[in-house]
Protein chains: 2
Amino acid sequence: MSTLNGVEYIDHIAYDSVVFGYAAGRLKILVMEYHNTGLFALPGGFIAMHEDLDEAVKNGLEARTGLKDIYLEQFHTFGKADRNKTDEMKKILEANEIHQKEFQWMLSRFISVGYYALINHELVTLHPDALSDSCTWYDINKLPKLIQDHASIVAKALQTLRDQIDRKLPLFALLGEKFTMQELQGLYEVILDEKLHRGTFQRKMLSMDILERHEKKYSGAANKAPYLYSFKKNWN
Amino acid sequence: MSTLNGVEYIDHIAYDSVVFGYAAGRLKILVMEYHNTGLFALPGGFIAMHEDLDEAVKNGLEARTGLKDIYLEQFHTFGKADRNKTDEMKKILEANEIHQKEFQWMLSRFISVGYYALINHELVTLHPDALSDSCTWYDINKLPKLIQDHASIVAKALQTLRDQIDRKLPLFALLGEKFTMQELQGLYEVILDEKLHRGTFQRKMLSMDILERHEKKYSGAANKAPYLYSFKKNWN
DNA sequence: CCAAAAGTGTTTTAGCTACACCCATGA
DNA sequence: TCATGGGTGTAGCTAAAACACTTTTGG
C-alpha cells in the first residue's frame with residue numbers, strides 16, 4: 001500500500017484516461033507534459049483503497065477539468081509486464097526533485113484500466129497535477145510522442161469510440177447544448193475519418209428520433225439558416 | 001506483494017474467467033465449488049509479478065482445462081470498492097484450514113479483470129485448484145448462487161458474447177472440428193436466446209465465405225443427410 | 001411412395017446511397 | 001436576382017427476411 005498526499009492508494013493499479021474534445025472541426029484529446037522532461041502522457045491516476053474504480057476516474061477527471069457528470073466509458077485494461085519503462089518514470093520524479101523512498105512505488109509495475117471521456121471543451125478549465133506543468137488539448141492527428149504504451153491506449157480508445165458511435169451516441173457531450181446538423185455531421189466525420197453524405201446523414205439522425213428541433217440559426221451569410229438541434233431528454 | 005506456492009503475485013489484482021462450452025444444445029460455463037462451504041465461484045487467479053495479464057489468464061485456464069491456444073477475450077474490469085465480501089473468503093480459507101498470516105492478503109480488496117473463453121468441452125479434462133473440490137459445467141440458465149459479484153460478471157460476459165457474435169465469430173471453438181449447419185444454428189440460437197430462420201441463417205453463413213463443406217453426415221434417420229462444415233484456415 | 005429434414009431459388013422488404021429539386025437567406 | 005447552403009423527395013441498389021420449391025434419405 002502506498003501513500004500520496006495522505007491518501008492510501010492501491011499498489012500496481014492505475015487508470016489512464018483518453019479525454020476527447022471537439023473544437024474547430026478537430027477531434028482532440030487531453031495530454032499532460034511533465035516538468036522539464038519533454039515527456040508527454042495521458043492524464044491518469046491511482047485508486048484510493050476505499051474508492052470505487054469508476055469513482056476514482058470520475059474524481060480524477062473532475063479535479064482536472066472542473067466538470068461534473070462527465071461521460072465515461074471503460075474500454076480496456078492494459079497489463080503487459082513490460083509496459084512500465086522505469087527510466088521514463090525516474091526522469092519524471094527526478095525532474096520534480098523527488099528522490100524519497102516513499103515514492104519508489106511509482107516505479108513498479110502497473111496494470112492500467114483505460115477509460116475514455118467525452119467533454120465539451122468550452123466548459124473546461126484545465127488543471128495539471130503536481131508532477132505536470134501543463135494539461136493541453138492536442139489534435140488527435142498531431143499528438144506528441146507519449147510515454148510507455150500510451151499511444152496504443154489512445155488507438156484503442158479511438159477504435160472503441162468508432163465502434164460505439166452508432167450504438168450509444170453520447171456525442172452531445174462533445175458539442176454545445178444546441179448544434180446544427182452540419183456540426184454533428186462534422187463530428188461524425190472526424191471521428192470516423194470518412195466523408196458522409198449530407199442528405200443521408202440528416203435522414204438517419206432524424207429517423208433515430210433522439211433529436212429535438214429548435215429555432216433557426218442565422219449566421220449572417222447569404223444562405224438558408226440551419227435549424228438548431230439538441231438531444232432529447234431521454235435520448236438513450 | 002504476496003506469495004503463493006513460491007510465486008510472487010501482484011496484490012489486489014485478480015482475473016475471473018467465464019468459460020463457455022456447448023453440449024447437448026445447451027450453453028454452459030465452468031463453475032468451481034469450494035471445499036465444505038457450499039460456495040460457488042468463477043475460476044480465477046492472480047497475476048505473477050513478471051507475467052503479462054493475458055498470459056496469466058491463459059496459463060491459469062490451461063492448468064484447469066489442459067487446453068492450449070484457448071480463445072480468450074477481455075471484456076471488462078470490475079472495481080467496486082465493496083465487491084469483496086470478506087466473510088465469504090474467510091469461510092473458504094477456514095474450510096481449507098488456512099489460518100496463517102501469509103494468506104491474509106486474499107481477504108483484501110481486489111480489482112478483477114474479466115475474460116471470457118470459448119472451448120470445446122469434449123476436449124477438456126477439468127482440474128480444480130487447491131482450494132476447490134470441483135470444477136464443473138453448469139447450464140447458463142441454471143447456475144448456482146455465486147459469491148461476490150460473479151453473477152454480474154457472467155451477465156456482462158454473456159452480453160459481450162452476444163454483441164460480438166456477428167463480428168468476430170470465434171464459435172468454432174465451441175463446436176467440434178466438423179459440424180452441421182443445424183448445430184451451428186443451434187449454438188447461435190442458444191447464445192442469442194432467439195429463434196433464427198433456417199434458410200436465412202444458412203445463406204448468411206455461406207455468404208461469409210468462412211466455411212468449408214465436407215462429406216455428408218448420415219444419421220440413419222429417414223431424411224436428407226446434412227453436409228458437415230468446418231471453418232477455413234484463415235477464417236478471420 | 002411417403003415423411004422429414006436439408007439445400008437453394010424467388011419474392012418481398014428495409015435501409016442506405018446518390019441525385020436532384022426546392023427553399024431560405026443576405027449580398 | 002443570384003450564389004450559397006439547408007431540407008427533403010425520389011429512384012436505384014444491396015442485404016436481409018420470409019416463403020416456397022426441390023432434393024435426399026430410410027422406412
Side-chain angles (χ1 to χ4, degrees), chain A residues 24-25 162-169 171-172 175-232, chain B residues 24-25 162-169 171-172 175-232:
Chain A
R162 283 177 182 162
D163 291 345
Q164 297 186 343
I165 195 171
D166 277 329
R167 303 215 276 160
K168 313 199 62 168
L169 203 68
L171 300 181
F172 66 98
L175 300 162
E177 204 223 327
K178 293 182 181 176
F179 44 86
T180 66
M181 195 58 80
Q182 198 187 46
E183 288 170 333
L184 185 58
Q185 181 178 343
L187 176 54
Y188 265 76
E189 289 179 341
V190 78
I191 289 175
L192 298 176
D193 195 24
E194 64 177 317
K195 281 266 167 243
L196 301 175
H197 191 277
R198 186 174 62 87
T200 309
F201 180 80
Q202 170 142 266
R203 207 182 320 273
K204 182 176 163 185
M205 286 300 123
L206 293 180
S207 74
M208 283 188 188
D209 195 35
I210 57 174
L211 293 181
E212 202 165 348
R213 179 176 283 181
H214 301 282
E215 74 282 9
K216 292 185 176 182
K217 179 186 177 185
Y218 291 85
S219 64
N223 52 42
K224 187 171 178 176
Y227 290 106
L228 287 172
Y229 297 89
S230 67
F231 281 79
K232 289 186 179 177
Chain B
R162 282 178 183 161
D163 291 345
Q164 297 186 342
I165 195 171
D166 276 329
R167 304 215 275 162
K168 313 199 63 168
L169 202 68
L171 300 180
F172 67 99
L175 300 162
E177 204 223 326
K178 292 181 182 176
F179 46 86
T180 66
M181 195 57 80
Q182 197 188 47
E183 288 170 331
L184 184 58
Q185 182 178 342
L187 176 55
Y188 265 76
E189 289 179 341
V190 77
I191 289 175
L192 298 175
D193 195 26
E194 63 176 317
K195 280 268 167 240
L196 301 176
H197 190 276
R198 189 176 61 86
T200 308
F201 181 80
Q202 170 141 271
R203 205 184 319 276
K204 182 176 162 183
M205 286 301 122
L206 294 179
S207 73
M208 284 187 187
D209 196 36
I210 55 173
L211 294 180
E212 202 164 349
R213 180 175 283 181
H214 301 283
E215 75 282 10
K216 291 185 177 180
K217 178 186 179 185
Y218 291 85
S219 64
N223 52 40
K224 187 171 179 176
Y227 290 106
L228 287 172
Y229 297 89
S230 67
F231 281 79
K232 290 185 179 178

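Just so you know, these numbers use all the heavy atoms, side chains as well, and skip hydrogens, waters and symmetry mates. Chain A is the first sequence line, chain B the second, and so forth, proteins listed ahead of strands; every chain is numbered from 1.
Using a 4.5 Å heavy-atom threshold, the side chains of B:Lys204 and B:Leu196 count as separate. Counting heavy atoms from C-beta outward, A:Met208 and A:Met205 have side chains that approach closer than 4.5 Å.
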Test side-chain contact (heavy atoms from CB on, under 4.5 Å) applied to B:Phe179 and B:Leu187, step by step: CA-CA 11 Å; B:Phe179 46 86; B:Leu187 176 55; over 6 Å; no

Residues B:Asp193, B:Arg162; criterion side-chain contact (heavy atoms from CB on, under 4.5 Å); working and verdict: CA-CA 9 Å; B:Asp193 195 26; B:Arg162 282 178 183 161; 3.7 Å; yes

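Among residues two or more places apart in sequence or in another chain, the side chain to side chain donor-acceptor pair (under 3.5 Å) test is passed with A:Lys178 by none. Listed by chain and residue number, nothing satisfies the side chain to side chain donor-acceptor pair (under 3.5 Å) test with A:Glu183 (two or more places apart in sequence, or in another chain). Partners of A:Lys217 according to the side chain to side chain donor-acceptor pair (under 3.5 Å) rule, which considers only residues two or more places apart in sequence or in another chain, do not exist here.
For A:Arg198 against D:dG7, a side-chain N or O and a base N or O form a donor-acceptor pair under 3.5 Å.
Protein atom CG of B:Leu206 is 12 Å distant from nucleotide atom C1' of C:dA6, rounded to whole Å. What separates NZ of A:Lys217 from P of D:dG6 is a distance of 10 Å, to the nearest Å. Atom pair A:Gln185:CD and D:dG5:C1' shows a separation of 12 Å (rounding to whole Å applied). One interatomic measurement links the two molecules: OH of A:Tyr218 to P of C:dA24, which rounds to 10 Å at whole-angstrom precision. Distance, B:Met181 CE to D:dT24 C1': 17 Å, rounded to whole Å. Rounded to whole angstrom, the span from the CD atom of A:Glu215 across to the C1' atom of D:dG7 amounts to 17 Å. The interatomic distance linking A:Leu211 (CG) with D:dG7 (P) rounds to 12 Å, in whole Å. D:dA16 atom C1' lies 12 Å from atom CE of B:Met208, rounded to whole Å.
Listed candidates were D:dG7, C:dG7, C:dT25. Nearest to the side chain of A:Lys216 is C:dT25. For B:Arg213, the listed nucleotide lying nearest its side chain is C:dG7; candidates were C:dA6, D:dG6, C:dG7.
Non-hydrogen atoms lying under 4.0 Å from DNA chain C are contributed by B:Ala222, B:Asn223, B:Lys224, B:Pro226, B:Tyr227, all within residues 220-228 of chain B.
Side-chain N or O atoms of B:Arg213 include none that pairs as donor or acceptor with a backbone N or O of B:Leu228 at under 3.5 Å. In this structure a side-chain-to-backbone donor-acceptor pair under 3.5 Å is missing from A:Gln185 to A:Phe201. Judged by distance alone, the side chain of A:Glu177 and the main-chain N or O of A:Ser230 form no donor-acceptor pair under 3.5 Å.
In this structure, B:Gln182 reaches the C:dA6 phosphate: one of its side-chain N or O atoms is under 4.0 Å from OP1 or OP2.
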Annotated protein contacts, base or backbone, on nucleotides 12-18 of chain C with a non-hydrogen cut-off under 4.0 Å, one of B, S, - each: -----BB

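Residues B:His214 and B:Tyr227 share a closest heavy-atom pair of O-CD2, 3.5 Å. Shown here for A:Pro226 and A:Thr180, the closest heavy-atom pair between the two residues is CG-CG2, 3.8 Å.
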Secondary structure of DNA chain D in dot-bracket form (Watson-Crick or G-U wobble, distances below 3.5 Å, | marking inter-strand pairs): |||||||||||||||||||||||||||

